[in-house]
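Fair warning: this is a prediction, and the values are worked out from it, not measured in the lab. Chain letters run A, B, ... following the sequence lines, proteins first, then strands; residues in each count from 1.
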Amino acid sequence: MNTDIYSESPVVHQPAFIDGHSVEIPILKILKQDGSIYENATMPEIDQALATKTYKTLAFHRVLDERMVAAQRQGRISFYMAALGEEAASVGGAAGLKDQDMIMAQYREQGALMFRGFSLENFMNQMFSNEKDLGKGRQMPIHYGSNELNYMTISSPLGTQIPQAAGYAYGQKMQGLDAVTICYFGEGAASEGDFHAGLNMAAVHQSPVIFFCRNNGYAISTPSDEQYVGNGIASRGVGYGMKTLRIDGNDILAVIAAVQLAREYAVKEGKPVLIEAMSYRLGAHSTSDDPSGYRTREEEAKWQEHDPILRMKNWMLAQGWWDEAQETALFEKLRDDVLAAVKVSEKIDKPPVEDLITDVYDQAPPLLQSQFEQLKEHIKKYPDAYPFTAGRIK
Amino acid sequence: MNTDIYSESPVVHQPAFIDGHSVEIPILKILKQDGSIYENATMPEIDQALATKTYKTLAFHRVLDERMVAAQRQGRISFYMAALGEEAASVGGAAGLKDQDMIMAQYREQGALMFRGFSLENFMNQMFSNEKDLGKGRQMPIHYGSNELNYMTISSPLGTQIPQAAGYAYGQKMQGLDAVTICYFGEGAASEGDFHAGLNMAAVHQSPVIFFCRNNGYAISTPSDEQYVGNGIASRGVGYGMKTLRIDGNDILAVIAAVQLAREYAVKEGKPVLIEAMSYRLGAHSTSDDPSGYRTREEEAKWQEHDPILRMKNWMLAQGWWDEAQETALFEKLRDDVLAAVKVSEKIDKPPVEDLITDVYDQAPPLLQSQFEQLKEHIKKYPDAYPFTAGRIK
Amino acid sequence: MAQMNLLQAINNALDTVMAENDRAVCFGEDVGHFGGVFRATSGLQEKYGKNRCFNTPLVEQGVIGFANGLAAQGSTPIAEIQFADYIFPAFDQIVNESAKFRYRSGNEFDVGKLTIRTPYGGGIAGGLYHSQSPEAYFAHTPGLKLVVPRNPYQAKGLLLASIRDDNPVIFFEPKRLYRASVGEVPEEDYQLPLGKAEVVQQGSDITLLAWGAQMEIVEKAAELASADGISCEIIDLRTILPWDIETVANSVMKTGRFVVSQEAPLTAGFASEIAATIQQECFLHLEAPIARVCGMDTPYPLALEKEYVADHLKIYEAIKNSMTY
Amino acid sequence: MAQMNLLQAINNALDTVMAENDRAVCFGEDVGHFGGVFRATSGLQEKYGKNRCFNTPLVEQGVIGFANGLAAQGSTPIAEIQFADYIFPAFDQIVNESAKFRYRSGNEFDVGKLTIRTPYGGGIAGGLYHSQSPEAYFAHTPGLKLVVPRNPYQAKGLLLASIRDDNPVIFFEPKRLYRASVGEVPEEDYQLPLGKAEVVQQGSDITLLAWGAQMEIVEKAAELASADGISCEIIDLRTILPWDIETVANSVMKTGRFVVSQEAPLTAGFASEIAATIQQECFLHLEAPIARVCGMDTPYPLALEKEYVADHLKIYEAIKNSMTY
Ligand SMILES: Cc1ncc(C[n+]2csc(CCOP(=O)(O)OP(=O)(O)O)c2C)c(N)n1
Ligand SMILES: Cc1ncc(C[n+]2csc(CCOP(=O)(O)OP(=O)(O)O)c2C)c(N)n1
Ligand SMILES: [Mg+2]
Ligand SMILES: [Mg+2]
C-alpha cells in the first residue's frame with residue numbers, strides 16, 4: 001500500500017466539515033421536449049436506421065405496457081409492471097450497446113429486451129406462464145430472460161444483480177472479449193447492501209460494467225427523499241472512485257450518448273462507470289399498486305409533460321425520418337399484434353408436470369425423483385383435482 | 001418528493017464524466033510529532049486534567065497491549081489484538097465524548113473503554129474467560145463490553161454495529177437525551193453491506209451518530225488499495241449527504257477536536273457525521289497473524305516515526321504537564337500492575353456450568369433445561385473428563 | 001368483539017402497543033404514510049407521527065440492524081420485512097446478532113424488545129420469490145422465537161405476546177389469509193402464550209400437526225378422514241421456536257399415529273425436527289412411521305403450484321396410509 | 001502418494017484445477033498474496049497471477065455476488081468465505097440466487113460452476129463466532145450441494161468433484177483438522193463421488209453416522225463400544241445435500257439401531273432430517289429410537305466448550321442406551 005497517505009491530502013489545521021453536498025453533478029441534456037437539440041449539444045452516434053429502430057422499440061414498449069395493464073385488469077394475466085414515462089432508459093441503453101454486451105436488469109427494463117429482438121410471442125408466453133415460456137412458467141410475469149440475446153433472466157430480490165454484474169464483466173474482461181455488462185437498478189435498490197458491494201468490487205477489480213441507475217423518484221410508495229439525502233445517487237460514484245455521469249433519463253439522445261461514452265471507456269480502460277438517469281415513474285409501481293395512496297395527480301401531470309417517447313417522436317418528425325401516417329399505422333399494427341398474441345398465448349398449455357423438478361439441479365437427485373413419482377401417482381388418483389396436468393401424465 | 005429534480009442540477013450538453021476523485025478532502029492536523037502545535041491551529045477543549053487522563057490512558061493501553069501479546073506468546077491467553085500505533089483514535093474518541101454517549105466499537109478500540117474506567121481486573125477476567133468476566137467467558141479475548149460504562153459488547157462479525165449505531169442513536173434522540181453514539185469501524189469493515197445500510201439510514205433518519213473510521217491501511221493482509229479505489233473512505237460521506245471530516249489519526253488533539261465538533265453538531269442538529277482517521281496498524285492484525293508475509297519492515301519503520309503516544313508525550317512535556325520521572329514511574333507501575341493482575345485472573349475459576357444455558361433466552365426453555373439436566377448427569381458419570389466443572393455440579 | 005380479517009387484527013395489535021408504549025416504533029419499506037404494501041401499518045403514521053412509524057430505505061440488513069440497535073437502546077422496535085422471501089439479506093443481523101446479543105454479552109445488553117413481522121407463504125400465484133415459508137432457516141438458531149398465527153384471533157393475541165416478550169421474535173404472517181381469514185377478535189388487549197401449541201380438535205386415531213396457513217388445509221383433510229370414520233386430533237404448533245414438545249408428544253402417545261405438514265420443502269424443514277423428536281419421545285407408542293407432508297424439494301413454482309403444494313388430498317392420503325400401515 | 005495435511009490437500013486440489021482450467025479463479029478476503037488466513041490458497045497468486053487469485057474487499061455478499069456473476073458468465077469461480085460464521089451476509093446471494101439461478105431461468109442461465117469453500121466447526125477455542133457448523137442452514141435449499149470432507153484424502157477428491165460438478169457447491173472445511181489431520185494423498189488427479197456416503201467401518205449392532213470433523217469423535221466412541229463387545233457400523237455422510245438415504249437406510253435396516261451425531265446444535269440440525277427420514281424408511285427395523293448426539297441449543301461457548309460439545313463419551317453413552325433400550 002501507499003504508506004504516505006498523509007501526504008496525499010491537503011492539510012488543514014481547523015476542524016471543519018466537508019459538506020454532504022459538496023460535489024455538484026451536472027445533468028446531461030441533448031434533446032428538448034419540442035424535438036429540437038440544445039445549442040452546442042454533442043450528438044450521440046445515431047443514424048436514421050438506429051433512430052427508427054429505437055423509436056419503434058419505444059412505441060412497442062408503450063403499446064405492450066398499455067395492453068398488458070389492461071389484460072391484467074381483465075384478469076387475463078396475474079401481474080404486470082409498466083415503465084410508463086421512463087422507457088428511454090432501457091431502450092436507449094440497449095441502443096448505445098453492442099449485441100454481445102450483457103444486460104442485467106432489475107425488472108422495469110423490458111425495453112432493452114425489445115430492442116434486442118425478443119419476440120412478442122416470447123413476451124406473451126412468459127406472462128402467461130405457458131409451456132412455451134423460455135423460463136418454463138416459473139416466475140411471475142415480466143421476469144424475462146434470454147441467453148441468446150444476452151439478457152440475464154430477471155430475479156425479484158432487489159440489488160442482487162449488482163455484484164453479479166461486477167463478476168460477469170470481470171469474466172468478460174478475463175476472456176479478452178469486446179464486451180461489457182450493463183447493470184440496471186432503481187434508486188430504491190441502490191440502498192441495498194449489494195449495491196455497495198457491487199460498485200466497490202467493480203471499482204477495485206476493474207470490471208467493465210456500466211451501472212445504470214434509473215432514478216424514477218419512487219420505490220413503490222417511498223419517495224426518493226426518504227430513500228437518501230441529497231439530489232440523487234450519482235454522488236456515490238465519487239465514493240468509489242468511479243467515473244460518473246448524470247443524465248436526463250427522458251432524453252433518449254442523452255441516454256444513448258452516455259451509454260456510448262461509458263461503453264467506450266469501459267472497454268478501453270477496463271473500468272466501471274456509473275450513470276444516473278433522472279426520470280419519473282408515471283404509472284403505478286405494478287398492477288398491485290395504487291399510487292393515489294401516496295402522491296398527487298398534479299405531480300404526475302407535471303411529469304407527463306416530459307414524455308420521452310413524444311420527445312423522440314418530435315425529433316424524428318423534425319429530422320424528416322418519421323411522419324404522422326407512419327405513426328398511426330405503427331401504433332395500430334402494434335395494438336392489433338399484441339391483442340392477437342394475447343389470444344394465442346393464453347390458450348397454450350401450462351408447462352408439463354416434469355418441469356416441476358427439472359433445472360433444480362443439472363439432474364434431479366433420487367429423493368426429488370421419488371417425490372415426483374409419488375406426485376404422479378397422486379395426480380392419477382385424483383385427476384379432477386389437478387385438471388391441467390392429470391391428462392398429460394405418462 | 002421534489003418532482004423538479006431536473007432543475008436542481010446545473011445542465012450540460014456534452015457527455016463528460018465526473019471524475020472519481022473529484023472531492024478533495026483535506027486532513028486535519030493540530031499536533032506535530034515534536035509536540036509543538038501547527039501555526040494557527042484551533043485547539044480542542046482540553047485542560048491539564050483531561051490531558052493527563054488521556055495520556056495516562058494511552059500509556060495503560062500501550063502497556064496492556066505489550067504485556068498481553070507477550071502473555072499470549074507464553075500460552076497464558078489464547079488470543080489478543082493490539083492497537084499499536086493507532087491508540088489515539090479510540091482514546092481520543094472517548095476523550096471527546098461525554099460519559100452518557102454510547103460507544104459501539106469494532107474490536108481495536110479498547111482505549112475508549114480504558115478511558116471510561118474499565119478496570120484492569122475487568123480486562124483480565126475477560127481475557128481469561130473466567131467466572132468474573134462480565135461476559136461470562138463466552139467470547140474470545142478482547143470482546144469486552146460494559147453496560148454501566150456505555151460500551152457495547154464487541155461482536156466479531158464485522159460491520160454489524162454500523163446500522164445498529166444508527167438505530168441506537170435514533171432511540172437516544174427519540175428519548176430527547178443529551179447523548180450520541182460513536183461507531184468505530186476499520187476501513188476494511190467499511191466495505192461491508194452493513195456500512196452502506198448504516199450510513200444511509202442514519203442520514204435519512206437523522207440519527208446522531210459519529211461514524212468513526214479507523215483507516216489503518218490494512219484489513220488483515222489486505223492493503224487499503226485492494227479494499228477501495230481512492231485515498232480513503234471519507235469521500236463516501238458525500239454520497240450519503242453527510243458532514244465529513246478527515247483527520248490525522250495519530251494526532252490526539254485532532255481526534256479530540258474532531259469528535260468534540262462532531263458531537264456538538266450531532267446533538268444540536270440531530271444528524272450523523274463521518275470522521276476518517278488516517279493511521280497505520282503497526283503491529284500484527286492479531287496474535288494469530290504475521291505481517292512479514294505481506295508487508296515490509298521499511299514500511300513499518302516509516303510509520304513508527306508517527307507514534308501517537310510519543311507525540312502526545314512531547315506535547316505534555318512542552319506544556320509542563322508531564323516529566324520524565326513521572327513517565328518512568330507510570331510505566332513501571334503499569335507493568336507491575338498488569339503482571340500482578342495476570343497472575344490473579346488466571347487462577348480464577350471458569351464460569352459455572354449453568355452459564356452454558358443462561359442468557360440464550362431470558363429464561364431457558366424446557367428443551368434446553370432438559371439438555372442441561374442430561375449434561376449434568378453425564379458429567380457426574382465421567383467427572384475426570386470434565387475436570388473444570390465436575391466438582392462444582394450440584 | 002368485532003369481525004376482523006387477519007390484517008385488521010394485526011393492525012389492531014400494533015395500534016394497541018403503540019398507544020400504551022411510546023417507545024414502540026414501527027418501520028420498514030413502505031410502512032409509513034402508505035401503511036405497508038399489504039396495509040398492515042395503515043393509519044399508524046397519522047396517529048403516532050413520522051418518528052414512530054416510518055418508511056426506511058430499501059435495505060433489509062439495515063432495517064434489522066437499525067432495529068437491533070434500537071432494541072439494545074431500550075426502545076421497542078417492530079420491524080417489517082415486506083416479504084419473507086426478502087428476509088435473507090438480513091440473515092446475518094438476525095442469526096448472528098439478534099439471536100446472540102444477550103448471550104455474548106453475558107446479559108450486559110440484549111435485544112429482547114425486538115419483533116420482526118413478515119408475510120410468508122404461498123397460494124397467491126407469487127412464484128419462487130413471493131411464496132417462501134422460511135421459518136426452518138431460523139429454527140436452527142437458539143435465541144430466537146418464531147411465531148406463526150393461523151387466524152385473526154390468534155394473530156392479535158400472539159403478536160401482542162411477541163412484542164412484549166423479552167426475546168427477539170420473528171412473527172410470520174400467512175399472507176394468503178390476510179384478507180381471506182375473517183373472525184371474531186376482541187377489541188380489548190389480550191395475549192396468547194408463546195411456546196404453547198394448541199389442540200384445536202380432539203381425536204383418538206391420529207395426530208395432525210401444522211402451523212399458520214397450513215392449518216386450514218389440515219383441517220380440510222381431517223374432514224375427509226372423518227367421513228371415513230377416522231378421528232383426527234389436530235394441533236396448531238403456533239410457536240416454532242422454542243416448540244411445545246409436550247403437547248405434541250402427549251397427543252401422539254394417545255393416538256399412536258402422526259402426520260405433520262408444512263408448506264416449505266421437505267428436506268431440513270421444521271417438520272423434520274418434529275418427526276425426529278417425536279420418534280424419540282413416542283417410540284414405543286408409534287404404530288406407523290411419522291409422515292411428513294410438505295412442499296417438494298424445489299423452489300416454489302408458479303404455473304404448477306397446485307401440483308406442488310402439500311394440499312388436503314396429499315394429507316388425506318398420508319392419514320389413510322398411516323391408518324392402514 | 002505424499003503425506004499431506006488437510007490444508008495441503010486442499011491447496012493441491014486448487015492447484016490442480018487452476019492448472020487445467022484457465023478460467024478457474026480463486027478469491028476471497030486475504031486469499032491473494034497472503035494465501036488466506038489459513039494459507040489454503042498459498043502460492044496460487046504467484047503461480048497463476050493476480051487476475052486469477054486475488055484479495056477481495058471485505059464484503060461476503062459481494063464475494064458471492066461476484067462469484068455468481070462470474071459463474072453465470074462461464075468462468076469457474078472458487079470463492080472463499082474466511083470463516084463459515086461469516087457466511088451469513090452472503091445468505092441471500094447463496095439461497096435466493098445461486099440455488100435458484102438455473103431453475104428460475106428455465107436453464108437459460110446457471111451458476112453450476114460455482115464453488116464456495118469455507119472453514120467451519122469448533123474445537124479451536126474460537127467461541128461463538130469462530131466455531132459454527134452452519135451446514136443445516138443451507139440444507140433446506142434445493143439447488144445447492146453441500147459437501148464436508150473428513151480427512152486430506154477425502155478433501156482433495158471431494159473438492160475436485162465439487163469444483164467440476166455442474167451445480168453450486170458449498171464445501172465446508174473442518175478447520176480443526178486443517179493441520180491436525182495428516183494422511184496419504186495421491187499427487188495425481190482423482191475425484192470422489194458427490195451424493196454418496198461412505199461406510200468406513202462395517203458392523204452389525206448399531207449404525208453411527210456423522211460428517212467432517214465429527215467423524216473422528218464417532219470413531220473414538222465406536223472404539224469404546226467395541227471394548228464392550230458392541231459392533232458399530234460407521235458411515236461418513238460426506239454430502240449433506242443431496243444426501244445418500246440409501247446407504248444409511250440399508251445400514252440401519254441391517255443393524256436396527258442408529259445414532260447420528262453433529263457438531264451443530266440439536267434443534268433443526270441436519271441430524272434431525274436424517275432421523276426423520278430414517279424412522280420412515282426403517283420403521284419396522286428399528287429396535288430403539290434414533291438418537292441424535294449434537295451440540296446443545298445455545299450459541300457455541302468458549303470457556304465451557306468441553307462440556308458443550310458432542311464428544312466421544314456422549315456418543316458412547318447414546319450407543320449404550322440404544323443397545324439396552
Ligand atoms: C430484496 C427485496 N426487497 C424488497 C422487495 C420488494 N420491492 C419490489 S420493487 C420495490 C421498490 C423498488 O424501487 P426502485 O429500486 O426505485 O425501482 P422502481 O420500482 O422505481 O423501478 C420493492 C421494495 C424486493 N423485490 N426485493
Ligand atoms: C463479517 C466478517 N467477515 C470477516 C471477518 C474476519 N476478519 C476479522 S478482522 C478482519 C479485517 C478487518 O479489517 P479492518 O476493518 O480494516 O480493521 P482493522 O483490523 O484494520 O482494525 C477480517 C477480515 C469478520 N470478523 N467478520
Ligand atoms: Mg425507483
Ligand atoms: Mg484496517
### Segment of D/Asn167 engaging chain A (4.5 angstrom heavy-atom cut-off)
side chain
## Note on the structure
Closest heavy-atom pair, A/Met174 versus D/Asn51, reported as atoms and distance to 0.1 Å, is SD-O, 3.8 Å
### Message
Hydrogens and angles aside, do D/Gln93 and A/Gln164 bring a side-chain donor and acceptor to less than 3.5 Å of each other?
### Response
yes
### Crowding at NZ, D/Lys196 (>12 non-hydrogen neighbours, <6.0 Å)
no
### Task
Please look at D/Val25 and chain A and tell me whether the side chain, the backbone, both or neither of the residue comes under 4.5 angstrom of a heavy atom of that chain.
side chain
### Query
side-chain contact (heavy atoms from CB on, under 4.5 Å) between D/Gln73 and A/Tyr170: does it pass, once the steps are laid out?
CA-CA 9 Å; D/Gln73 190 269 336; A/Tyr170 187 84; over 6 Å; no
### Task
Give, as side chain, backbone, both or neither, the part of D/Phe101 having an atom under 4.5 angstrom from any heavy atom of chain A.
side chain
### Message
Quick check: closest heavy atoms across A/Ala197 and D/Gly62, and the distance to 0.1 Å?
### Response
CB-CA, 3.5 Å
### Task
Flag the pair D/Phe66 / A/His205 as yes when their ring centroid distance falls below 6.0 Å, and as no otherwise.
yes
### Query
Between A/Gln363, A/Gln175, A/Glu148, which residue shows the highest count of heavy-atom pairs closer than 4.5 Å to chain D?
A/Gln175
### Message
Applying side-chain contact (heavy atoms from CB on, under 4.5 Å) to D/Val59 and A/His196, what does each step give before you reach the verdict?
### Response
CA-CA 9 Å; D/Val59 53; A/His196 183 58; 5.7 Å; no
#### Entry: Toward chain A, the part of D/Ile64 with a non-hydrogen atom under 4.5 Å
neither
### Query
Which is it for A/Leu367 and D/Ile245 under the side-chain contact (heavy atoms from CB on, under 4.5 Å) test, yes or no, and what are the steps along the way?
CA-CA 8 Å; A/Leu367 176 59; D/Ile245 299 175; 4.0 Å; yes
### Region of A/Asp355 that comes under 4.5 Å of a non-hydrogen atom in chain D
backbone
### Task
Could you look at A/Met104 and say if it's the side chain, the backbone, both or neither that has a heavy atom under 4.5 Å from chain D?
neither
### D/Glu246, CD: over 12 other non-hydrogen atoms inside 6.0 angstrom
no
### Query
Under 3.5 Å, is there a donor-acceptor pair linking the side chains of D/Glu108 and A/Thr153?
no
### Query
With a 4.5 angstrom heavy-atom cut-off, which part of D/Ser75 approaches chain A: side chain, backbone, both or neither?
side chain
### Query
By a 4.5 Å heavy-atom criterion (distance strictly below it), what part of A/Tyr151 contacts chain D: side chain, backbone, both, or neither?
backbone
### Heavy-atom pairs under 4.5 Å with chain D, option from A/Ala166, A/Ser207, A/Ala202 with the top count
A/Ala166
### Query
For the candidates A/Asn147, A/Asp133, A/Thr181, which exhibits the highest count of non-hydrogen atom pairs separated by less than 4.5 Å from chain D?
A/Asn147
#### Entry: Donor-acceptor side-chain pairing of A/Ser155 and D/Arg104 below 3.5 angstrom
yes
### Query
Under a 4.5 Å heavy-atom cut-off, does chain A meet the side chain of D/Asp92, its backbone, both or neither?
side chain
### Task
Determine the minimum heavy-atom distance between D/Pro142 and A/Val360, stating which atoms define it.
CB-CG1, 3.8 Å
### Query
Under 6.0 Å from the NZ atom of D/Lys254, do we count more than 12 heavy atoms belonging to anything else shown?
yes
### Message
Evaluate A/Tyr361 against D/Asp165 for side-chain contact (heavy atoms from CB on, under 4.5 Å), listing each step before the verdict.
### Response
CA-CA 10 Å; A/Tyr361 293 91; D/Asp165 185 86; over 6 Å; no
### Message
Just checking A/Phe388: does its CZ atom have more than 12 heavy atoms from other residues, nucleotides or ligands closer to it than 6.0 angstrom?
### Response
no
### Segment of A/Ala165 engaging chain D (4.5 angstrom heavy-atom cut-off)
neither
### Task
Answer with side chain, backbone, both or neither: which region of D/Ala67 has an atom nearer than 4.5 Å to a non-hydrogen atom of chain A?
neither
